[in-house]
Amino acid sequence: MRKLLKQGWRPILVLILLFIIWELSVIVFEIQKWLLPAPSEIFKIGVAEWPNYYGHVLATSKLIIIGFIIGSSIGIIVAVALHLVKFLRLSMYPLIILSQNIPIIILAPLLVVWFGFGMFPKILVITLVCFFPIAISLLGGFQQTDRDLMHYMKMAGANKKQIFWKLEWPSALPYLFSGLKISATYSVMGAVISEWLGASKGLGVYMTLASSSFRPDRVFVAIFIIVAISLLFFLFIMWLEKVVIRWHSSEKRDSNETS
Amino acid sequence: MRKLLKQGWRPILVLILLFIIWELSVIVFEIQKWLLPAPSEIFKIGVAEWPNYYGHVLATSKLIIIGFIIGSSIGIIVAVALHLVKFLRLSMYPLIILSQNIPIIILAPLLVVWFGFGMFPKILVITLVCFFPIAISLLGGFQQTDRDLMHYMKMAGANKKQIFWKLEWPSALPYLFSGLKISATYSVMGAVISEWLGASKGLGVYMTLASSSFRPDRVFVAIFIIVAISLLFFLFIMWLEKVVIRWHSSEKRDSNETS
Amino acid sequence: GGNEDTSKDELEEIKVVLDWTPNTNHTGLYVARDKGYFEEEGLDVEIIMPGEAGADQLVASGKADFGVSYQESITEARVQDVPIVSIAAVIQHNTSGFASLEEEGITSPKDFEGKTYGGWGAPLEKAVISSVMQQENADVSKVDIVNMGDSDFFTAVERDDIDFAWIYYGWTGVEAELRDTDINMVYLTDYSEKLDYYTPVLATNEDMIENNPETVSKFMKAASQGYQFAIDNPVEAANILIEAEPDLDAELVKASQEWLAPKYKDDASQWGLQKQEVWENYAEWMYEHDLLESELDAEQAFTNEFLPEED
Amino acid sequence: MKHLNVQNISQSFGENHVLDDINFSIEEGEFVSILGPSGSGKSTLFRIIGGISEPTSGDILLKNKSIKGKPGSISYTPQSPSLFPWRSILDNVLLGQEIVGKKDRKKALQMIERAGLGSYEHAYPYELSGGMKQRASFIRSILSPQSLILLDEPFSALDEFTRTDMQKWLLSMWAEHRRSILFVTHNIEEAIFLSDRVIILSQRPATVLKEFNISFSRPREEELLLSEEFIELKKEIYQEMRLSHA
Amino acid sequence: MKHLNVQNISQSFGENHVLDDINFSIEEGEFVSILGPSGSGKSTLFRIIGGISEPTSGDILLKNKSIKGKPGSISYTPQSPSLFPWRSILDNVLLGQEIVGKKDRKKALQMIERAGLGSYEHAYPYELSGGMKQRASFIRSILSPQSLILLDEPFSALDEFTRTDMQKWLLSMWAEHRRSILFVTHNIEEAIFLSDRVIILSQRPATVLKEFNISFSRPREEELLLSEEFIELKKEIYQEMRLSHA
Ligand SMILES: Nc1ncnc2c1ncn2[C@@H]1O[C@H](COP(=O)(O)OP(=O)(O)OP(=O)(O)O)[C@@H](O)[C@H]1O
Ligand SMILES: Nc1ncnc2c1ncn2[C@@H]1O[C@H](COP(=O)(O)OP(=O)(O)OP(=O)(O)O)[C@@H](O)[C@H]1O
Ligand SMILES: [Mg+2]
Ligand SMILES: [Mg+2]
């Protein structure tokens, strides 16, 4: 915790610096409020209208969490399935890539046609966004398993399941976390986008409305909130990584102690 | 090449199967053409109107390639900078995450207001989409450098640059390729989205036009083309990975020979 | 003509940004461009699709010189001090309304009760529905209003997720005719005069008006000519649009053009003319319904000053 | 019935002909050592016996049943310790039992203690010295339940005393449980001291040069190392190997 | 002026006290060996001298200048070969020169040939046997230009003949270039045969138990191994170490 605080001042400083530059350039270049509001103004609005945001934040957060959990689970399952079942690996790749290339805008009406306006199609959108980086990262990780350890496992008579759980899975964990970090970030965006599928609450809804009524200040408040949520989420994944990968297989973690 | 063909039949088979199911369900459930056209129809339209698509495909491909090259370069540069300069690593993370959480929809008018309708804002959008998975993956990879090799390098008096080029970079290559695969896929989508910023040619433009004149068949032709481009791109990255990572550090590559 | 090369250099470059994808609302601009009306005025006009960027900010900030917009959004924009000004009404009367499949039997706002409306989640929608329903003493609280996001009308109603939605007859309604889907329309204008606002309009920014009034006049002259041509020769005009944007559905364009041609000018003495009372009425209505934070200075929001002299 | 039969095993890696028609066998409960030049193909042979590498030709029989290409029937100490970085020493040592058989933590802890790794049971491999890793890897294979054990230079990174100690321990365990052991070493003394039989491999492509029967009575004491006969045998083997090396 | 001065080095990992006030020095051009129990702290000491690990206390002087925490002044053969998997053997061997100094492919190829790895210069590490990897790692450090070489059990995975061969080669190179060498081994014979001085470390926490000056004239021949004095010295060292082991 103390460490977090100790390391946290830098990003905060950078952000503050950025805000100052932004504020100054708004003043210096006389940028009009409707084009790009000053951070001070955004902050003011944010504080003043916080009760308005509360419900939206809650709705979106719920989407994010459910979506991310489902999405990353599916990403992991897909990677594992593709890794373990050669037939799947050889035949499913195109479908996975396909899933990333159907524009949501186009998919949206179809999703609504198939699943209505409920929670489901939204979760589906976040899932689609989330699962891909995890699946690709993890698959890459599985292919980098250490050969000596693999030899040992096979010699010792380990079956596929044991090889997987005792060797491939732990050794691919760093890759998994790379994927999780990417997905965690995207899940927030995915949730916002998914609200285009029709929602009555949520930051995505709020943002479109604010944008169409020429209130960029409100849009930016929403963006700030979104970024904050993402950051928190990202930090959570980083913390999780530290907790899970404790074995110091790499130089980096070690060098904290000695140098 | 032969190997590619030998392994290629499976995904093709799966796709054909998928099309057959699709075609049948369109017939069986009597889905109307304007809701979800049958693949046969999409195919017919695609062949008949190919000359119309040609220009769009070219425009979008150009965007993809330029955008991906710039985006992945920046991703690599960011990862390397953050890795090598501890101060940057500690202070810039939030900005990177921020960059992934500003909805393009909101960013779009600002980008156009700042940079006009030219190529630049579009490339910027693709770059924003591409650089992130690469940066995160590669950073993850740098942190997993083998400790024994690192000890050797340091003992031998390697400076930061040498450690980087001779050890950290090659050992992070598998991570880089995970990132590149993700980004290659996204770059196609990114290009399509970037065309919303106002373009006169391109699959994104074509798709919106087709969609707004209620022609889902054309939309699907465009989607098929997009997916095909993505797949090609993905295969290219996979091929590149095979060429670059030749050293069989893992069991997987080896086992092709022995088992 | 033969002097094209020499004159091209002297032409003033102008960007016009559309509100959405090209459609028959824009025909006049395409006609003016492709029949050389703009060139005659010394303008080299480029028509740009804004995609999701939205036209208003681009016009207001001067990135585009002209744009296609709506009275609703200009009203909201003006209240937020966005310096955008309407310079012509593309269509004289509001052709939008609430559409539903015929079998739903929604023929008047009264029938909205107990039905589901699909929209995009703006407060404006509820106000409009409530407003038209009031005319028939119907209760807006009995309407289920859902957000259907980007889904298109046909998809949504066919699936029975919603019963009615707000469309432009000139495009979506005509498409329904083409595909033999029978729909009922409840036009806004039939129930509230205040809702007979201008949609769409051509717009420019205050800077242009102040510093380049001549350019604006030239632009408007050519545009008027273009729309007049579309009024007089809808078939030919449709062909020009189709040729310019071959990816549009030709059939739909033709049918829509046919339907829209008489609506451009309608009862006005001249194409493009805007009335102050229309602006005031609508702004008032919005203000009454808490849709505006402050009152609109209608005189600032539009001008007829650049319309060509009537012959 | 032989416990292990290595029949006509040949192996090539591309142009590189490594094993050339290797033939030998191990009786049940026998302790056999293999001596051979570096790079001659001992580890390759182990991988073939272990079933993870297919020989170019030949067969491997375990109790008359072919186990060619079928891993799982032997317990194995690889030449490089191959400990799992994310497992503590205790968990590493238990891995063989986890895979086949069942975990016996108490015995594992005893063995860790016995190998001089007491107080390291919860350490991760990166915290161990080279010789300590090797001992952990050794314990892992000793704990595995298979009745045939392949040991690929298990004591090469140990000092003389720890080494002798481990040898004695290995012999006592072997006397107790009578598992068959195939042992690769570069130390001629070690080979003689431990084995019933010593097999000498030639330079690459490796063939079986000669087999020596070691008939010293068991249990063997350290004094044996200084006996006339022992030194004589050592010289003989030394000469045999020198011939092949030149 | 001493080439290397190890002054009062102590090192602890948490509770684990590994090195306890280690003091010794190396003359310019001297060949010094370190003998010590497995896990006593030899590799740790090397890492401290190499400058990649900070001792808890004490200092390391190279030609009277402190190099504590400053890597780059020594050439090093790690205990585990640590070859780079993506480099061919030739490129691996040239790595030290790439980092400091300049590449000498011809000499590298000669050395590869000399070490019995001819025809493997373009192979990748995974294609090599354990002993072959060790030799490659050895060549890498020999080729590095630094004047002090630390060798951490460089010949442990080699058979006796290859080992003797490599020892002789090392001695001939050392005689030619007179670089200072600090050599860790578990083989007492090897230590005596090669060194000017042998340092005996105790069990953990390691202290310097004793130093032996080895005064046999150079060049030394294999016959030396059988000489009375040699065997006497070997026994003496053996006894000394046994004391510490108990
Ligand atoms: N995967 C491989 N690909 C190509 N060649 C290989 C491979 N594995 C081993 N070899 C070759 O096989 C030969 C024997 O290697 P092996 O590891 O079996 O030797 P070894 O007898 O165990 O030697 P050492 O005593 O040094 O460990 C070597 O020449 C080596 O280059
Ligand atoms: N990174 C580390 N963290 C914690 N303890 C360590 C670390 N590195 C070494 N040690 C401890 O230091 C002690 C000495 O280890 P070192 O590797 O120096 O032994 P060594 O003398 O080289 O042994 P060997 O002959 O077996 O290679 C051991 O007890 C080991 O557990
Ligand atoms: Mg070997
Ligand atoms: Mg050591």
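Below, chain A is the first sequence line, B the second, and so on; all start at residue 1. Please read these numbers as outputs of a predicted model, since none were measured by experiment.
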Selection from D:Ser40, D:Ser129, D:Ala157 maximising heavy-atom pairs under 4.5 Å formed with chain E: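 Heavy-atom pairs under 4.5 Å are most numerous for D:Ala157.
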Can you find a pair of side-chain heavy atoms, one from [X] and one from [Y], that are under 4.5 Å apart?
X: E:Thr207; Y: E:Leu201; answer: no
X: D:Ile237; Y: D:Met241; answer: yes
X: E:Ile149; Y: E:Ile74; answer: no
X: D:Glu127; Y: E:Phe13; answer: no
X: E:Leu35; Y: D:Asp159; answer: no
X: E:Ile34; Y: E:Phe24; answer: yes
X: E:Glu211; Y: E:Ile200; answer: no

Under a 3.5 Å cutoff, is there a donor and acceptor pairing between the side chains of E:His122 and E:Ser88?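 Absent: no donor and acceptor within the cut-off.
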Taking atom types as modelled, find out whether D:Thr44 and D:Gln11 have a side-chain donor-acceptor pair closer than 3.5 angstrom.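 Their side chains do not contain a donor-acceptor pair, so the 3.5 Å distance test is not met.
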Heavy-atom distance under 4.5 Å to chain E: side chain of [X], backbone, both or neither?
X: D:Thr162; value: both
X: D:Arg135; value: side chain
X: D:Tyr120; value: side chain

For [X], is it the side chain, the backbone, both, or neither that has a heavy atom closer than 4.5 Å to a heavy atom of chain D?
X: E:Glu160; answer: both
X: E:Asp152; answer: neither
X: E:Ser156; answer: both

Report, by ascending residue number, the residues of residues 136-144 of chain D in heavy-atom contact with chain E at a distance under 4.5 Å; give 'none' if the set is empty.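 The list, in residue order, is empty: none.
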So which residues of residues 188-198 of chain D are in contact with chain E at a heavy-atom cut-off of under 4.5 Å?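 Those residues of residues 188-198 of chain D which have a heavy atom under 4.5 Å from chain E are D:Ile188.
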So which heavy atom on E:Gly41 is nearest to which on E:Leu19, and how close?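 E:Gly41 and E:Leu19 have their closest heavy atoms at O-CD2, 3.6 Å.
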Ignoring hydrogens, what is the shortest heavy-atom contact between E:Pro154 and E:Val184? Give both atom names and the distance.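 Here E:Pro154 and E:Val184 meet closest at CD-O, 3.8 Å.
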For D:Gln239, I'd like to know if atom CD has over 12 heavy atoms of other residues, nucleotides or ligands within 6.0 Å.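 More than 12 heavy atoms, drawn from other residues, nucleotides or ligands, come within 6.0 Å of this atom.
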If you tally heavy-atom pairs under 4.5 Å against chain D, which of E:Gln134, E:Glu153, E:Lys42, E:Arg204 wins?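 Of the candidates given, the most pairs with chain D belong to E:Arg204.
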Tell me whether D:Glu228 is salt-bridged to D:Lys234, with the criterion being a basic N under 4.0 Å from an acidic carboxylate O.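 Answer for the salt bridge query: no.
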